[in-house]
2 protein chains.
Amino acid sequence: MLTIGKLGEAAGVKVPTIRYYEQIGLLPPPDRSAGNQRLYGQRARDRLAFIRHARELGFPLEAIRDLLSLSDRPDQSCAAADSIARAQLAATRARIARLRALEAELERMIGQCAHGTISDCRVIEVLGDHAQCRHDHDPAVAEPAA
Amino acid sequence: MLTIGKLGEAAGVKVPTIRYYEQIGLLPPPDRSAGNQRLYGQRARDRLAFIRHARELGFPLEAIRDLLSLSDRPDQSCAAADSIARAQLAATRARIARLRALEAELERMIGQCAHGTISDCRVIEVLGDHAQCRHDHDPAVAEPAA
DNA sequence: TCTTGAACCTATAGTTGCTAGAGACATTAG
DNA sequence: CTAATGTCTCTAGCAACTATAGGTTCAAGA
Ligand SMILES: [Zn+2]
Ligand SMILES: [Zn+2]
Ligand SMILES: [Zn+2]
Ligand SMILES: [Zn+2]
């Protein structure tokens with residue numbers, strides 16, 4: 001049996017994150033020691049590793065919740081799981097495409113700047129004049145800040 | 001003079017977002033009508049367009065704040081502005097690289113699945129077994145959920 | 001056995017960049 | 001003049017954690 005700290009170390013997940021996952025029902029409430037401390041077994045370790053890996057691949061927690069409940073029914077068709085994964089792939093590709101457009105514009109404006117004063121700075125100028133841009137203009141698709 | 005709704009329309013920014021930018025000090029408090037409604041002029045419009053464009057390019061609001069205060073000092077060197085832009089470019093490239101690794105793994109696992117039952121599903125299997133992955137293992141670099 | 005220090009507990013608030021709602025006031029078109 | 005739309009403030013919510021405060025439990029050394 002592992003304490004929460006050991007579990008976190010084993011799975012590469014921070015302790016508060018594990019408690020958070022329990023709170024939102026992604027991990028079941030574990031057994032407790034006589035002194036009320038959480039104790040985890042192999043099952044919890046596997047489940048947490050699954051969550052961790054899915055998060056690394058960018059799956060939202062809600063999708064992971066669905067994947068976990070699917071993985072508890074091994075005899076059913078995996079069509080639902082595959083379609084969640086395909087949606088994640090599509091989202092990933094869309095983000096790559098968008099980021100490439102942003103990369104190109106950033107490169108262009110940095111490359112064109114003569115590095116003089118602010119009043120001549122191509123970076124500032126391009127940001128202020130949005131007219132000839134080709135990239136996405138829907139704020140709902142805006143990148144999360146770096 | 002524009003009301004907040006007209007300004008939002010003109011700049012492609014939602015009304016609550018404009019009020020939010022004012023609240024965090026990114027836009028100065030505008031004049032008000034006799035009935036206490038916000039009225040904006042050309043300056044505010046330009047400033048908001050600048051913010052909007054920078055956000056589309058993924059700059060964090062804090063970076064935009066710095067860029068705006070730089071653009072208020074036109075005689076200074078643009079080195080600081082350029083370095084903010086270069087940092088944004090670097091962050092964008094890092095995200096593209098990471099997303100490409102994720103894309104590859106998602107493609108691989110989807111492509112290898114025979115689409116039978118969950119117990120044979122390659123998607124579920126790969127998520128559960130994290131051992132032979134090459135992608136980033138630092139949760140601090142994890143992708144924001146799609 | 002006692003003590004110290006690390007790890008653990010709960011609960012709450014903060015992060016980023018907005019978005020949505022409630023309930024009240026202002027403006028404008030017909 | 002009235003009805004509809006727009007605006008006001010304030011509060012709370014989203015994802016997915018992270019951090020802090022104030023307290024308890026556990027393991028190891030003296
Ligand atoms: Zn420059
Ligand atoms: Zn642009
Ligand atoms: Zn499958
Ligand atoms: Zn992997």
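We name chains A, B, ... by the order of the sequence lines, and we start the count at 1 in each one. These figures come from a predicted structure and were not determined experimentally.
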Open item on the list: Below the 4.0 Å mark, does C:dC8 have OP1 or OP2 next to a side-chain nitrogen or oxygen of A:R38?
Closed with: no
- [ ] Heavy atoms under 4.0 Å is the rule here; annotate nucleotides 22-30 of chain C 5' to 3' with B where the base is hit, S where only the sugar-phosphate is, and - elsewhere.
- [x] ----SS---
Open item on the list: Between B:R95 and A:L99 (side chain of the first, backbone of the second, donor and acceptor by atom type, cut-off under 3.5 Å), is there such a pair?
Closed with: no
- [ ] Rounded off to whole Å, could you give me the CZ-to-P distance for the A:R52 and D:dA16 pair?
- [x] 16 Å
TODO: Please list all pairs passing the salt bridge (Lys or Arg N to Asp or Glu O under 4.0 Å) test where one or both residues lie in residues 104-120 of chain A, with sequence neighbours left out.
DONE: A:E107-B:R93
Task: Any residue meeting salt bridge (charged side-chain N to carboxylate O under 4.0 Å, His left out) with A:E62, in chain and number order, not counting sequence neighbours - done: A:R65
Task: A:E22 bridged to A:R19 by N-O distance under 4.0 Å - done: no
TODO: Could you check which of C:dT10, C:dT19, D:dT7 has an atom nearest any side-chain atom of B:I4?
DONE: D:dT7
TODO: Verify the contact: side-chain N or O of B:K14 to OP1 or OP2 of C:dT19, cut-off strictly under 4.0 Å; return yes or no.
DONE: yes
Open item on the list: Using heavy-atom distances to pick each residue's nearest nucleotide on DNA chain D, tell me which of B:K6 and B:Q23 is more 5'.
Closed with: B:K6
Task: Between P of D:dG6 and CG of B:L39, the distance in whole Å - done: 16 Å
Task: Closest listed nucleotide, where the reference is the side chain of B:V15 and the choices are D:dT7, D:dC17, C:dT19 - done: D:dT7
Open item on the list: Distance check needed: C:dG14 C1' versus B:I24 CD1, whole Å only.
Closed with: 15 Å
Open item on the list: Whether A:E103 and A:R100 form a salt bridge (side-chain N of Lys/Arg under 4.0 Å from carboxylate O of Asp/Glu) is what I want to check.
Closed with: no
Open item on the list: Quick test of your reading: applying ring-ring contact (aromatic ring centres under 6.0 Å, His included), list the pairs with at least one residue in residues 20-55 of chain B, sequence neighbours left out, ordered by first then second residue.
Closed with: A:H130-B:H53, A:H135-B:H53
Open item on the list: Between B:Y21 and C:dC18, is there a contact of a side-chain N or O with OP1 or OP2 at under 4.0 Å?
Closed with: yes
TODO: List for me each residue that meets salt bridge (charged side-chain N to carboxylate O under 4.0 Å, His left out) alongside B:D75, sequence neighbours excluded, and say none if there are none.
DONE: none
Open item on the list: Could you tell me how far apart B:F59 (CZ) and C:dT16 (P) are, to the nearest whole angstrom?
Closed with: 18 Å
Open item on the list: Expressed as a whole number of angstroms, how long is the span from A:Y20:OH to C:dA11:P?
Closed with: 17 Å
TODO: Just jot down the salt bridge (charged side-chain N to carboxylate O under 4.0 Å, His left out) partners of B:E9, sequence neighbours excluded, or say none.
DONE: none
Task: Closest to the B:R19 side chain, choosing from C:dC18, D:dT9, D:dA16 - done: D:dT9
Task: A:L48 CG - D:dC17 P separation (whole Å) - done: 11 Å
Open item on the list: Does a side-chain N or O of B:T17 approach OP1 or OP2 of C:dG17 to a distance below 4.0 Å, or not?
Closed with: no
TODO: Output the single nucleotide from D:dT18, D:dA16, C:dC18 whose closest atom is nearest the side chain of A:P16.
DONE: D:dT18
Task: Separation of C:dT16 P from B:R65 CZ (nearest whole Å) - done: 10 Å
Open item on the list: On the nucleotide C:dC8, are OP1 or OP2 found under 4.0 Å from the side-chain N or O atoms that A:R32 carries?
Closed with: no
Task: d(CG, B:L27; P, C:dC18) in whole Å - done: 11 Å
